[in-house]
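Below you'll find the structure, written out as structure tokens, and then a few comments.
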Amino acid sequence: MTPSLTDRLPAAVLNRIKALAEAHPEPLSAYVYDLGALKNHALWLKSFLPQGVELYYAIKANSEPEILETLAPWVDGFEISSGGEIQRVSNCPIRKNFIFSGPGKLDSDLSLAMRQRVEMIHVESLDEIRRLTRIAASLNRKQSVLIRINPVLPGHLATRLSMAGMPTPFGIDEQQLAQAIALVEQSQSLVLSGFHIHAMSHQTRVDRHRQLLDWYLERWPVWKSLVSNAQTVRYLNVGGGMGVDYQHAEQFDWPGLCRHLEERLKSCPNPPIVRFEPGRYVTAFCGYYLMQILDIKQNHGQSFAVCRGGTHHFRLPAAQGHDHPVIHVPIRRTGDGPAESGAKGSVLTCVQKRPG
Ligand SMILES: *Cc1c(COP(=O)(O)O)cnc(C)c1O
């Protein structure tokens, strides 16, 4: 064992692992969340937000009830993308604003969201605008919407983007924006509140993110000019996508991004209310995945640790090729017999290093 590695686990997490091991005779497989650290991280994120900039949490990163309850007092609201997530925010004991994005919304999801008083719906296609118009009218509701744009980006920005600036199922092609705006304006049951762009996923470079925000703010007056009654158009939701470096201590420079945005907004004659909606960057740092080693063996010259749990529980690293750091935590339970092999019975924990 390397003591310095175990030292990287907060005492609260280490104690929790020991308590779980004592309470459960079967080998462990668990997610452990450091809710104190999550609260501190949310406060840290908020402390850099410029005046008039809002922070929503995209709950697809982790929608466990305790996570939502811990974040609820500190974020401006939740962003959701499915019917199941409407239930999850509705079950949160602290009532928060929620906004609804994503292609492929069911009629029943749209209707449920409006009955649960969704703050804004981010419309993702012309057909969705027509469906929403009909459903909102049937509920006698005047629904605030943002149009999600898949923009035509300048070359240097379009490269390396994953969700926009190229053909994707997300958002409305910027070329059809005037048509989308006209559809919303014709609708008696929808109010256009602004625009939404979520162009990037897992961006670890703050300079690229700064350039994206600069470009959105440059386009803002152009998009607004397409609207006949622009008074209600006040929001620019710039999505999430701040990445997490699973290998190194250095993380995405959130304070730097916020400082840059603050300066940039000062130079805007008529700035929008900017809204961020990150997911991963909010919760990744508080989570730990544990699996207990069941067996250790040699096969064709390599060593293998056979564990309780695996990629069916912790899918993203395997699916996206992330290499998470692993910490080996030696534990022995009361009543354990003599150890047959050095590592058997110990626990492996995946960790992320926090920014700041
Ligand atoms: C996934 C998603 C987010 C959050 O993305 P992260 O990479 O987790 O920050 C925000 N908005 C929308 C529309 C999304 O689909």
Side-chain angles (χ1 to χ4, degrees), residues 38 41-42 44-46 49 53-64 67-68 71 75-86 88-89 96-105 109-110 113 118-125 128 145-151 160-166 168-172 193-206 208-210 212-213 216 235-246 251-254 257-258 261 274-287 315-317 319-322 352 354-355:
L38 178 62
H41 183 57
W44 181 84
L45 289 169
K46 231 180 132 57
L49 279 184
V53 177
E54 300 176 343
L55 182 69
Y56 278 57
Y57 169 55
I59 78 165
K60 78 162 180 276
N62 192 319
S63 57
E64 288 294 320
I67 298 271
L68 298 187
L71 288 173
V75 295
D76 294 295
F78 294 129
E79 184 269 349
I80 60 133
S81 296
S82 69
E85 289 179 339
I86 302 172
R88 292 202 164 216
V89 296
K96 296 301 288 188
N97 274 344
F98 74 100
I99 54 183
F100 190 9
S101 327
K105 299 181 192 77
D109 296 338
L110 290 170
V118 61
E119 181 197 2
M120 286 182 196
I121 295 180
H122 300 170
V123 289
E124 299 257 355
S125 77
E128 190 178 287
V145 300
L146 298 188
I147 293 178
R148 179 167 181 184
I149 304 173
N150 182 343
R160 292 168 188 270
L161 288 186
S162 43
M163 324 273 297
M166 57 168 182
T168 74
F170 305 105
I172 295 177
S193 298
F195 304 104
H196 171 232
I197 315 156
H198 171 70
M200 191 59 211
S201 172
H202 207 21
Q203 166 86 279
T204 48
R205 288 193 40 184
V206 72
R208 293 218 174 97
H209 224 86
R210 275 200 310 258
L212 264 186
L213 295 188
Y216 297 161
Y235 287 87
L236 177 62
N237 184 319
V238 295
M242 298 84 196
V244 170
D245 189 327
Y246 297 106
Q251 294 297 349
F252 183 92
D253 181 13
W254 170 256
L257 185 72
C258 288
L261 180 61
V274 173
R275 201 172 257 189
F276 284 109
E277 47 171 24
R280 185 199 311 254
Y281 194 76
V282 178
T283 41
F285 306 104
C286 82
R315 193 72 208 116
L316 199 65
Q320 298 196 351
H322 304 154
Q352 278 93 50
R354 285 192 52 209

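Indexing begins at 1, ligand by ligand and atom by atom, following the structure's order. The basis for the numbers below is simple: all heavy atoms, side chains too, and nothing from hydrogens, waters or symmetry mates.
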Ligand 1 atoms in contact with Gly279 (distance to a heavy atom under 4.0 Å): 4 (C), 6 (P), 8 (O), 9 (O)
Geometric class of the His196/His122 ring pair [parallel <30°, tilted 30-60°, perpendicular >60°]: tilted
Test of proximity, Tyr281 against ligand 1: N or O pairs below 3.5 Å: no
Distance-minimising heavy-atom pair for Arg88 and Ile59: CB-CD1, 4.3 Å
Per-atom contacts of ligand 1 with Arg148, taking only distances under 4.0 Å to non-hydrogen atoms: 13 (C)
Polar side chain donor-acceptor pair, Glu79 to Ser101, under 3.5 angstrom: yes
Contact atoms of ligand 1, heavy-atom distance to Pro278 under 4.0 Å: 9 (O)
Donor-acceptor pair, side chain of Asp245 and main chain of Phe252, under 3.5 angstrom: no
Sub-4.0 Å atoms of ligand 1 with respect to non-hydrogen atoms of Ala58: 3 (C), 4 (C), 10 (C)
Single hit among Val75, Asp76, Asn237 for side chain to side chain contact (heavy atoms under 4.5 Å, CB included) with Glu277: Asn237
Closest approach of any protein heavy atom to atom 5 (O) of ligand 1, naming residue and atom: His198 CE1, 3.5 Å
Nearest heavy-atom neighbours spanning Ala113 and Phe98: O-CZ, 3.8 Å
4.0 Å heavy-atom contact, Gly239 with ligand 1: no
Numbered atoms of ligand 1 (with element) below 4.0 Å of Gly240, judged on heavy atoms: 9 (O), 10 (C)
Nearest-neighbour protein heavy atom for atom 15 (O) of ligand 1, which is reported as residue plus atom name and distance: Lys60 NZ, 2.9 Å
Protein heavy-atom partner closest to atom 8 (O) of ligand 1 - residue, atom, separation in Å: Arg280 N, 2.9 Å
Mutual orientation of the aromatic rings belonging to Phe285 and Tyr281 [parallel < 30°, tilted 30-60°, perpendicular > 60°]: perpendicular
Closest protein heavy atom (residue, atom, distance) for atom 11 (N) of ligand 1: Glu277 OE2, 2.8 Å
Test item: Lys60 side-chain N/O and Ser81 main-chain N/O as donor-acceptor pair under 3.5 Å: no
